[in-house]
Amino acid sequence: MSLDVTFLGTGSAYPSPARGASALVLRREGQCWLFDCGEGTQTQLMRSHLRAAKITKIFITHLHGDHFFGLPGLLCTLSLQSNAEPNKPPVDIYGPLGLRSFLWRSLELSHSQLLFPYAVHELVPTRDQCPAEEFRDFSGLDRDEAARQGPPGRVLHLDPGEDSYLLVEDEQLVVRAFRLFHRIPSFGFVLEEKPRPGRLNVQKLKELG
């Protein structure tokens with residue numbers, strides 16, 4: 001399995017002419033996984049060798065603007081580059097609780113209609129991930145009828161046994177989220193490659209005695 005990482009932005013607080021806000025892309029098996037999507041990420045993608053249309057998963061570490069304000073615009077650009085395909089798999093978006101409501105309301109208020117499906121999988125934080133006075137409970141954002149018409153997705157709770165959140169698992173790797181301490185709840189993402197058994201050439205061993 002080949003993995004390739006491209007940094008699109010390493011700046012913080014606000015973008016600058018020479019340094020984009022937080023965003024990086026991991027390429028694997030012909031897919032692109034985007035980690036954070038600060039303002040200007042789609043412009044940085046256009047300057048790179050990457051194809052935005054290859055993005056299949058997006059991971060947001062926390063809900064500070066320099067890490068996710070570029071997301072609605074990027075999704076709209078991806079839609080402009082897409083064709084309506086009835087069986088197209090959704091773009092999976094992972095991030096803290098509140099991300100689904102933000103995306104749905106941003107796209108709804110701007111009358112943006114995406115030509116591809118997307119799903120938002122929200123991680124429920126614990127109160128010890130940030131100073132007590134900064135913690136906000138966003139669990140009630142989607143209770144009204146209108147918001148329930150938004151994108152599908154899972155609500156992921158901490159697995160106390162693993163002390164993490166299981167996000168993705170396939171034949172080759174596992175992706176988990178771990179809690180980080182920040183001014184607001186934040187998550188780190190870990191990609192762990194599964195053990196690959198080697199191939200034993202029995203005939204060669206016999207020839208070598």
Side-chain angles (χ1 to χ4, degrees), residues 1-10 20 22-38 41-42 44-62 67-68 70-71 74-75 77-78 81-96 99 115-124 126 151-181 186-209:
M1 178 176 63
S2 97
L3 297 174
D4 177 75
V5 175
T6 300
F7 290 90
L8 298 176
T10 57
S22 181
L24 71 85
V25 170
L26 173 77
R27 278 197 305 174
R28 69 172 291 249
E29 308 297 320
Q31 301 180 26
C32 289
W33 292 4
L34 176 65
F35 291 80
D36 277 343
C37 187
T41 294
Q42 58 178 314
Q44 292 293 90
L45 275 166
M46 293 172 189
R47 291 174 176 161
S48 74
H49 61 285
L50 303 168
R51 290 183 58 201
K54 294 288 187 179
I55 294 175
T56 58
K57 298 188 188 305
I58 300 172
F59 302 83
I60 302 297
T61 57
H62 64 293
H67 290 258
F68 82 118
L71 189 50
L74 174 65
L75 294 178
T77 295
L78 291 179
Q81 298 173 350
S82 301
N83 296 317
E85 300 176 25
N87 298 319
K88 187 170 184 177
V91 173
D92 287 305
I93 303 172
Y94 301 84
L99 183 59
L115 293 179
F116 59 87
Y118 73 101
V120 181
H121 310 289
E122 294 182 300
L123 285 64
V124 179
T126 58
R154 295 174 291 154
V155 176
L156 304 169
H157 294 269
L158 179 71
D159 179 346
E162 297 287 342
D163 197 28
S164 64
Y165 304 74
L166 178 62
L167 307 185
V168 180
E169 183 171 13
D170 60 27
E171 299 81 9
Q172 295 180 319
L173 56 74
V174 177
V175 183
R176 294 183 183 273
F178 289 85
R179 295 172 298 163
L180 302 177
F181 188 85
S186 181
F187 297 91
F189 301 105
V190 174
L191 285 76
E192 181 179 1
E193 190 174 4
K194 289 184 175 180
R196 289 182 291 173
R199 295 180 179 178
L200 191 64
N201 188 333
V202 178
Q203 184 58 39
K204 189 68 176 177
L205 289 175
K206 289 180 178 178
E207 293 173 2
L208 293 172

A.B. asks: Are Y165 and F187 close enough that their ring centres sit under 6.0 Å apart?
C.D. replies: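 For Y165 and F187, the ring centres are under 6.0 Å apart.
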A.B. asks: Do L34 and L74 have side-chain heavy atoms sitting under 4.5 Å apart?
C.D. replies: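 Yes, their side chains come closer than 4.5 Å.
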A.B. asks: Determine, for R179 against D163, whether the closest basic-nitrogen to carboxylate-oxygen distance falls under 4.0 angstrom.
C.D. replies: yes
A.B. asks: To the nearest 0.5 Å, what is the distance between CG on L173 and CG on L3?
C.D. replies: 7.0 Å
A.B. asks: Report yes if some heavy atom in the side chain of T61 is under 4.5 Å from a heavy atom in the side chain of F35; otherwise report no.
C.D. replies: no
A.B. asks: Would a 4.5 Å heavy-atom cut-off, applied to side chains only, mark T6 and D4 as touching?
C.D. replies: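 A side-chain contact exists here, since the closest heavy-atom pair is under 4.5 Å.
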A.B. asks: Within the 3.5 Å criterion, strictly below it, is a donor on R28 or Q172 matched to an acceptor on the partner's side chain?
C.D. replies: yes
A.B. asks: Taking E169 for the side chain and V174 for the main chain, is one N or O donor matched with an acceptor at less than 3.5 Å?
C.D. replies: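 Side chain of E169 to backbone of V174, a donor-acceptor pair under 3.5 Å: no, none is there.
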A.B. asks: If you count every heavy atom of other residues, nucleotides or ligands that lies below 6.0 Å from R154 atom CZ, does the total exceed 12?
C.D. replies: yes
A.B. asks: Taking the side chain as every heavy atom from C-beta outward, state whether L123 and L167 have any pair of such atoms under 4.5 Å apart.
C.D. replies: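 Contact flag for L123/L167 side chains = yes.
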A.B. asks: For residues L8 and V25, determine if any side-chain heavy atom of one lies less than 4.5 Å from a side-chain heavy atom of the other.
C.D. replies: yes
A.B. asks: Atom NZ of K57 and atom CD1 of I93: how far apart are they, to the nearest 0.5 Å?
C.D. replies: 11.0 Å
A.B. asks: For a quick test of reading the model, state the closest non-hydrogen atom pair linking R51 to C32 and the distance between them.
C.D. replies: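 Reported closest heavy-atom pair: O-SG, 4.3 Å.
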A.B. asks: Heavy atoms, side chains only, cut-off 4.5 Å: are V120 and D92 in contact?
C.D. replies: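 With C-beta onward as the side chain, the pair stays apart.
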A.B. asks: Where does the angle between the aromatic ring planes of F59 and W33 fall among parallel (under 30°), tilted (30 to 60°) and perpendicular (over 60°)?
C.D. replies: tilted
A.B. asks: Please name the pair of heavy atoms, one in L158 and one in S164, separated by the smallest distance, quoted to 0.1 Å.
C.D. replies: CD1-N, 3.4 Å
